[in-house]
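Working notes for the structure below.
FYI, the numbering just counts along the sequence from 1.
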Amino acid sequence: MENVKVISVNKRARFDYFIEESIECGIALEGTEVKSVKNGSISLADSFAEISGGEVWVRNFHISEYSYSSVFNHAPDRKKKLLLHREEIKRLSRKTEEKGYTLIPLDVHLKKGRAKIQLGLCKGKKLYDKRETIKKRDVNREIAREFRASI
């Protein structure tokens, strides 16, 4: 992708969930939040999105206070509204009503200077699925190590 700068990636989401599909959406941010996001002082750990009242909100998405701001700083842990089309919200709402599906932020990036979230429609992994993921990662690492040694 061009003109895209990735700020933060939620690695835990890819380990804990199967990602069925992903959708890019904007974030409604307040004044100093934009500067904090551009600085990269954010945390996606344990964040999730919920649909309430026909709107999508992301929770537990921590944006640290901007250090060069005055007393008019933002609340770091407030819920943030995600900007999506009404049809997309309806479709996501139908999907999340199914058993086991949830909305998880996968990454935060800047696209043409605007903060965007890659939101994933995810289904939780069981313990044996996580073990299988670890096993695949170890095998791929071992193959890459042998390949480098042979060159």
Side-chain angles (χ1 to χ4, degrees), residues 1-138 140-141:
M1 292 187 283
E2 57 188 55
N3 295 331
V4 174
K5 178 184 175 190
V6 177
I7 303 296
S8 179
V9 177
N10 191 352
K11 293 180 184 175
R12 193 80 195 163
R14 298 190 191 281
F15 181 73
D16 287 340
Y17 300 96
F18 292 114
I19 300 165
E20 301 290 321
E21 67 175 275
S22 64
I23 187 167
E24 183 183 67
C25 49
I27 319 167
L29 298 175
E30 294 178 352
T32 54
E33 285 178 329
V34 178
K35 291 190 179 238
S36 291
V37 167
K38 288 184 178 182
N39 280 346
S41 51
I42 61 174
S43 172
L44 286 173
D46 300 326
S47 61
F48 64 96
E50 63 182 4
I51 301 173
S52 61
E55 297 177 331
V56 182
W57 297 88
V58 67
R59 296 203 176 243
N60 296 346
F61 175 41
H62 180 83
I63 300 177
S64 299
E65 290 185 348
Y66 186 58
S67 57
Y68 300 108
S69 176
S70 62
V71 295
F72 303 107
N73 223 327
H74 63 273
D77 292 319
R78 75 174 184 89
K79 63 180 186 176
K80 287 123 186 112
K81 184 177 176 181
L82 297 181
L83 307 173
L84 288 163
H85 292 285
R86 189 174 296 121
E87 294 80 27
E88 292 173 330
I89 295 172
K90 285 179 186 174
R91 186 175 57 80
L92 287 175
S93 178
R94 283 193 301 270
K95 291 275 194 170
T96 55
E97 287 170 0
E98 293 179 28
K99 188 174 189 309
Y101 283 99
T102 185
L103 296 171
I104 303 291
L106 303 176
D107 73 11
V108 176
H109 57 273
L110 294 175
K111 188 173 186 179
K112 298 181 182 174
R114 301 194 188 272
K116 305 275 185 182
I117 281 188
Q118 193 74 27
L119 198 63
L121 183 66
C122 305
K123 191 171 186 114
K125 285 185 182 179
K126 303 282 189 237
L127 183 62
Y128 55 85
D129 292 326
K130 292 180 186 179
R131 287 186 189 134
E132 187 177 314
T133 302
I134 293 170
K135 194 184 301 180
K136 283 181 185 176
R137 188 173 53 208
D138 289 344
N140 288 339
R141 187 181 302 129

Could you pull out all residues at least two apart from [X] that satisfy side chain to side chain donor-acceptor pair (under 3.5 Å)?
| X | value |
| --- | --- |
| K130 | D16 |
| S36 | none |
| S22 | Q118 |
| D46 | none |

Original post:
What pair of heavy atoms forms the shortest contact from L44 to V9, and how long is it?
Top reply: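 Residues L44 and V9, closest heavy atoms: CD1-C, 4.3 Å.
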**OP:** List the atom of I42, the atom of S8, and the distance in Å for their closest heavy-atom pair.
**Re:** CD1-CB, 3.6 Å
**OP:** Examine K123 relative to Y101 and say whether NZ or CZ is less than 6.0 Å from the centre of the six-membered ring and inside a 45° cone about the ring axis.
**Re:** yes
**OP:** Would you give the length of the straight line joining atom CG of L103 to atom OG of S47, rounded to the nearest 0.5 angstrom?
**Re:** 11.0 Å
Original post:
In Å and rounded to the nearest 0.5 Å, what is the CD1 to CD1 distance from I27 to I117?
Top reply: 4.0 Å
Original post:
Is the closest side-chain heavy-atom distance between K112 and R114 below 4.5 Å?
Top reply: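 A side-chain contact under 4.5 Å is absent here.
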Subject >> Expected output: side-chain N10 to main-chain P105 donor-acceptor under 3.5 Å >> reply: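 Checked: pair present.
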Using side chain to side chain contact (heavy atoms under 4.5 Å, CB included) as the criterion, list what pairs up with [X], not counting sequence neighbours.
| X | value |
| --- | --- |
| K126 | Y128, D129 |
| I19 | R14, L106, C122 |
| R141 | R137, D138, R145 |

**OP:** Show the numbers, then the answer: is there a side-chain contact (heavy atoms from CB on, under 4.5 Å) between K125 and Y17?
**Re:** CA-CA 5 Å; K125 285 185 182 179; Y17 300 96; 5.6 Å; no
**OP:** Return the set of residues passing salt bridge (charged side-chain N to carboxylate O under 4.0 Å, His left out) with R59 (not counting sequence neighbours), or none when no residue passes.
**Re:**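 Checked R59 against salt bridge (charged side-chain N to carboxylate O under 4.0 Å, His left out); matches are E50.
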Subject >> Sequence-distant partners of K136, salt bridge (charged side-chain N to carboxylate O under 4.0 Å, His left out), two or more places apart >> reply: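 Result, salt bridge (charged side-chain N to carboxylate O under 4.0 Å, His left out) vs K136: E132.
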**OP:** Apply side-chain contact (heavy atoms from CB on, under 4.5 Å) to the pair L92 and L84, showing each step before the final yes or no.
**Re:** CA-CA 10 Å; L92 287 175; L84 288 163; 4.0 Å; yes
Original post:
Can L110 and V4 be said to form a side-chain contact (heavy atoms from CB on, under 4.5 Å), step by step?
Top reply: CA-CA 6 Å; L110 294 175; V4 174; over 6 Å; no
**OP:** Might you work through the side-chain contact (heavy atoms from CB on, under 4.5 Å) test for L29 and I63, ending with a clear yes or no?
**Re:** CA-CA 10 Å; L29 298 175; I63 300 177; 3.8 Å; yes
Determine all donor-acceptor pairs shorter than 3.5 Å in which one atom belongs to a side chain in residues 75-83; sequence neighbours excluded.
unit_1	atom_1	unit_2	atom_2	d
D77	OD1	H62	ND1	2.7
R78	NE	E33	OE2	3.1
R78	NH2	A28	O	3.3
R78	NH2	E33	OE1	2.8
K80	NZ	F61	O	2.9
K80	NZ	P76	O	3.4
K80	NZ	R78	O	2.6
K81	NZ	E55	OE2	3.1

**OP:** Can you tell me which residue pairs pass the side-chain hydrogen bond (donor to acceptor under 3.5 Å, both in side chains) test with a partner in residues 90-100, sequence neighbours excluded?
**Re:** E21-R91
